[in-house]
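Structure first, then comments.
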Amino acid sequence: ARVLVNLGEVFQSSGLYEEAYNELDRARQLLEHHPNRRVLAGVTTVMGHVRFELDMYKPARDLYRRALEVRLTMPDADPADVAEGWNNLG
């Protein structure tokens with residue numbers, strides 16, 4: 001999953017948003033049942049950023065909401081990450 005995340009971030013920084021989304025989504029699928037929920041929340045947030053860059057605001061909001069939901073279920077969630085999640089929702 002780490003390689004897919006790195007590849008997605010390279011595509012994102014290169015402006016290749018669809019390619020970035022596809023790689024990040026593959027990583028997200030692998031992480032759905034992984035115990036490290038922080039990574040899943042981070043990947044889902046980046047997917048939201050990618051959708052936002054493509055002016056796909058509803059899908060971006062849905063991804064931001066999902067990332068925040070994951071963070072809120074984590075007993076050791078970083079308050080700064082939770083605040084970022086709320087901020088992403090507007």
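Please read these numbers as outputs of a predicted model, since none were measured by experiment.
Atom CG of residue Leu7 and atom CD of residue Glu19 lie 9.5 Å apart, to the nearest 0.5 angstrom. Taken to the nearest 0.5 Å, the CG atom of Leu24 stands 11.5 Å off from the CD atom of Gln29.
Phe11 and Glu23 make their closest contact through CE1-CG, 3.8 Å (heavy atoms, listed as atom of the first residue, atom of the second, distance). For Ala20 against Val50, the heavy-atom pair with the smallest separation is CB-CG2, 4.2 Å. The heavy-atom pair separating Gly48 from Ala60 by the smallest distance is O-CB, 3.4 Å. Considering all non-hydrogen atoms of both residues, Ala67 and Ala41 come closest at CB-O, 3.5 Å.
Under the 4.5 Å side-chain heavy-atom criterion for grouping Ile, Leu, Val, Met, Phe, Trp and Tyr, Leu68 is not connected to Leu63 through any hydrophobic cluster.
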Atom pairs and distances, donor-acceptor, side-chain atoms in residues 81-90, under 3.5 Å, two or more places apart:
{"residue": "Asn88", "atom": "ND2", "partner": "Glu84", "partner atom": "O", "Å": "3.4"}

Only distances under 3.5 Å count here; give the side-chain donor-acceptor pairs of residues 51-59 to other protein atoms, sequence neighbours excluded, each with its distance to 0.1 Å.
{"residue": "Arg51", "atom": "NH1", "partner": "Glu18", "partner atom": "OE2", "Å": "3.2"}
{"residue": "Asp55", "atom": "OD1", "partner": "Tyr57", "partner atom": "OH", "Å": "2.8"}
{"residue": "Lys58", "atom": "NZ", "partner": "Asp62", "partner atom": "OD1", "Å": "3.4"}
{"residue": "Lys58", "atom": "NZ", "partner": "Asp62", "partner atom": "OD2", "Å": "3.1"}

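Here Arg61 pairs with nothing under the salt bridge (Lys or Arg N to Asp or Glu O under 4.0 Å) rule; sequence neighbours left out. Taking Asp78 as the reference, nothing meets the salt bridge (Lys or Arg N to Asp or Glu O under 4.0 Å) condition, with sequence neighbours excluded. Residues forming a salt bridge (Lys or Arg N to Asp or Glu O under 4.0 Å) with Glu32 (at least two apart in sequence, or on another chain): Arg28, Arg66.
Applying the side-chain hydrogen bond (donor to acceptor under 3.5 Å, both in side chains) rule to pairs touching residues 33-49 yields Thr45-Arg71, His49-Tyr64, sequence neighbours excluded.
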